[in-house]
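Have a look at the structure below, then the notes.
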Amino acid sequence: MTHSDLAARIHAVSHLTGQFTLRSGRTAPEYFDKYRFEADPVLLDEIALGMAALVPAGTEVLAGLEMGGIPVVTALGRHTGLPCAFVRKAAKTYGTCRLAEGAEVAGRRVLVVEDVVTSGGQIVLSSADLRALGADVREALCAIDREQGGTEALAAKGIQLLSLLTADDLRRASPH
């Protein structure tokens, strides 16, 4: 599947119009409903295949962020063979009481994986948490960059944002 074919498939499945409040607090007249592409196992597998080519050399662990990054990182792990960590927004207060479940992150080069990036706020927070646990976080990888400041916010924290597709790619793939 070509880059533009993938963008067209995601657009067809996920693009909604209306009035939407984003995590950043901004409002938008369109929304890419990530759960629609994450819930489609064939499409999610195609997305993960495309993202696998973007995983930086030297990456030791893929860290998916709660909640949308979890299905993406799981599919991506299947294509890369890399172990996965599942990163909570806050450590649970029972059981293992861990912030990052699954693969150990301490002392390892960790790629943060997210589904959609707008401002980059959750990646900034979670990367700081991962670094506090001893992870070496240099990059983050997303399926869709909404191109609304995430790249710049992450760069300010020493994190390069890699993206499979941008909001502009999806708009160009629109049949309208």
Side-chain angles (χ1 to χ4, degrees), residues 1-15 32-87 100-105 107-124 126-127 130-131 135-175:
M1 179 176 298
T2 68
H3 191 79
S4 59
D5 289 341
L6 184 58
R9 289 257 332 271
I10 292 171
H11 190 279
V13 168
S14 308
H15 184 255
F32 297 103
D33 186 346
K34 59 193 179 186
Y35 298 112
R36 292 185 178 200
F37 71 72
E38 291 170 356
D40 180 329
V42 174
L43 181 54
L44 181 59
D45 190 62
E46 291 290 336
I47 291 166
L49 180 61
M51 291 175 75
L54 301 174
V55 173
T59 298
E60 296 174 280
V61 175
L62 304 172
L65 304 187
E66 179 187 351
M67 172 165 123
I70 302 298
V72 176
V73 81
T74 302
L76 183 57
R78 290 186 58 246
H79 286 282
T80 63
L82 292 169
C84 300
F86 309 109
V87 183
E101 302 282 0
E104 184 58 53
V105 298
R108 298 173 93 182
R109 182 149 173 210
V110 175
L111 175 64
V112 174
V113 178
E114 186 63 295
D115 50 9
V116 177
V117 171
T118 301
S119 67
Q122 190 58 54
I123 293 175
V124 167
S126 294
S127 293
L130 288 165
R131 287 171 169 166
D136 176 9
V137 177
R138 303 178 197 177
E139 299 95 5
L141 173 60
C142 66
I144 300 170
D145 175 3
R146 287 184 57 88
E147 302 175 294
Q148 294 185 357
T151 298
E152 297 78 12
L154 293 172
K157 299 297 183 182
I159 301 167
Q160 177 187 8
L161 180 62
L162 309 167
S163 60
L164 177 62
L165 297 165
T166 64
D168 195 47
D169 291 332
L170 296 177
R171 279 195 274 301
R172 280 196 307 267
S174 171

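Please read these numbers as outputs of a predicted model, since none were measured by experiment.
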Between atom CD of Glu66 and atom CD of Glu114, what is the distance when rounded to the nearest 0.5 Å? 10.5 Å

Could you pull out all donor-acceptor pairs under 3.5 Å where a side-chain atom in residues 146-164 meets a protein atom, sequence neighbours excluded?
unit_1, atom_1, unit_2, atom_2, d
Glu147, OE1, Asp168, N, 3.1
Thr151, OG1, Asp145, OD2, 3.4

Between the CG atom in Asp5 and the CD1 atom in Ile10, the distance rounded to the nearest 0.5 Å is 11.0 Å

Can you name the nearest heavy-atom pair linking Ala167 to Ile144, along with the distance? N-CG2, 4.3 Å

Spacing of Thr166 atom OG1 and Arg172 atom CZ [to the nearest 0.5 Å]: 6.0 Å

May I ask you to test the Val72-Lys34 pair for a side-chain heavy-atom distance under 4.5 Å? no

Nearest heavy-atom neighbours spanning Glu38 and Asp115: OE2-OD2, 2.8 Å

Could you note down all residue pairs passing side-chain hydrogen bond (donor to acceptor under 3.5 Å, both in side chains) where residues 41-51 supplies at least one of them, sequence neighbours left out? Asp45-Arg78, Asp45-His79

Looking only at heavy atoms, which two atoms of Ala85 and Val73 are closest? And how far apart? O-CG1, 4.4 Å

To the nearest 0.5 Å, how far apart are CG in Leu54 and CG in Leu111? 9.5 Å

Residues that Pro83 engages under side-chain contact (heavy atoms from CB on, under 4.5 Å), provided they are two or more places apart: Val61, Ala103, Arg108

Test of understanding: with side-chain contact (heavy atoms from CB on, under 4.5 Å), list the residues that count as partners of Asp33, not counting sequence neighbours. Leu16, Tyr31, Tyr35, Arg36

Please identify each residue that fulfils side-chain hydrogen bond (donor to acceptor under 3.5 Å, both in side chains) with Arg131, with sequence neighbours left out. none

All heavy atoms of Ala39 vs all of Pro41, minimum pair found to be O-CD, 3.2 Å

Backbone N or O of Thr59 within a donor-acceptor pair of the Arg138 side chain at under 3.5 Å? no

The side-chain contact (heavy atoms from CB on, under 4.5 Å) partners of Thr74 (sequence neighbours excluded) come to Ile70, Phe86

How long is the straight-line distance from CG of Leu130 back to CG of Asp136, given to the nearest 0.5 Å? 11.0 Å

Please tell me if the side chains of Val87 and Val112 come closer than 4.5 Å, counting only heavy atoms from C-beta onward. no

Within this structure, what is the CG-CG distance for the pair Leu82 and Leu62, rounded to the nearest 0.5 Å? 4.5 Å

Residue pair Met51 / Thr80, side-chain heavy-atom distance below 4.5 Å: no

To check you understand the geometry: which heavy-atom pair defines the closest contact between Ala57 and Arg109, and what is its length? O-NH1, 3.1 Å

For the student: nearest non-hydrogen atoms of Ser127 and Val137, plus distance: OG-CG1, 3.7 Å

